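These figures come from a predicted structure and were not determined experimentally.
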Amino acid sequence: FVSGLSVSQLALTATYGVTELKRDLQVMYRRAGLKGDGLVFLLADQQIADERFLVYINDILSSGNIPNLFPDEDVDEIVAAVRPAVKRLGLHDDKGGCWAHFLGQVRAKLHVVLAFSPVGDTI
């Protein structure tokens with residue numbers, strides 16, 4: 001709740017895997033990129049149920065763009081949702097421009113906090 005940001009964490013279950021992580025990331029991306037909600041994604045080392053999770057975290061931290069996070073129809077829906085804002089800003093409102101604006105909003109509003117312990121071999 002620092003700076004008025006909401007905190008999001010993974011709710012791990014016995015069957016939580018990459019599919020569930022992608023679903024949770026989609027929700028966070030939509031909240032940050034479409035609704036403009038300030039979010040903190042808090043991830044502890046105990047929540048890394050699969051080493052492939054680190055690829056997604058790296059993508060978030062490096063560029064914000066996670067390849068194939070959204071199916072094509074969801075991308076089209078997101079592009080349509082941000083197009084009016086992109087036009088108001090005087091930017092190119094083609095698919096690439098709208099997607100870049102969406103990712104810019106995500107980068108501005110979604111903050112990642114990694115809580116990893118220096119002790120043990122969890123990762």
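Cluster membership check: Val18 does not share its hydrophobic cluster with Val55, using side-chain heavy-atom separations under 4.5 Å among Ile, Leu, Val, Met, Phe, Trp and Tyr. Follow the hydrophobic side-chain contacts under 4.5 Å out from Val27 and you never reach Val40; the two are in separate clusters.
Contact detail for Phe102 and Gly33: the closest heavy-atom pair is CE1-CA, 3.6 Å. Residues Pro67 and Asp59 approach most closely at CD-OD2, 3.5 Å, considering heavy atoms. Annotation for Phe116 and Asp45: closest pair CD1-N, 3.5 Å, computed over non-hydrogen atoms. Closest heavy-atom contact between Ala11 and Tyr16: O-CD1, 3.7 Å. Between Ala32 and Val106, the closest heavy-atom pair is CB-CA, 4.2 Å.
Within the 4.5 Å cutoff, the side chain of Met28 has heavy atoms near those of the Leu25 side chain. Using a 4.5 Å heavy-atom threshold, the side chains of Lys22 and Leu69 count as touching. At a threshold of 4.5 Å between non-hydrogen side-chain atoms, the residues Phe53 and Leu43 do not count as touching. Contact check for Tyr29 versus Leu34: no side-chain heavy atoms found under the 4.5 Å cut-off. For the pair Leu61 and Leu114, the minimum side-chain heavy-atom distance is below 4.5 Å. Side-chain atoms of Leu21 and Asp50, non-hydrogen and from C-beta on, never get closer than 4.5 Å to each other.
Taking CZ of Phe41 as the reference point, atom CD1 of Ile57 lies at 4.5 Å (rounded to 0.5 Å). Between the OG atom of Ser8 and the CZ atom of Arg31 there is a distance of 5.0 Å, given to the nearest 0.5 Å. Rounding to the nearest 0.5 Å places CG of Leu10 at 10.5 Å from CD of Glu20. Note that CD of Gln46 and CG of Leu12 are 9.5 Å apart. Values are rounded to the nearest 0.5 Å. Remark: Ile48 CD1 to Leu54 CG distance equals 4.5 Å, nearest 0.5 Å. The CG atom of Asn65 lies 8.5 Å from the CZ atom of Arg107; values are rounded to the nearest 0.5 Å.
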List, one per line, each side-chain donor-acceptor pair under 3.5 Å for residues 71-87, sequence neighbours excluded.
unit_1, atom_1, unit_2, atom_2, d
Asp74, OD2, Arg30, NH2, 3.4
Asp76, OD1, Lys95, NZ, 3.2
Glu77, OE2, Arg30, NH1, 3.1
Arg83, NE, Asp93, O, 2.8
Arg83, NH2, Asp93, O, 2.9

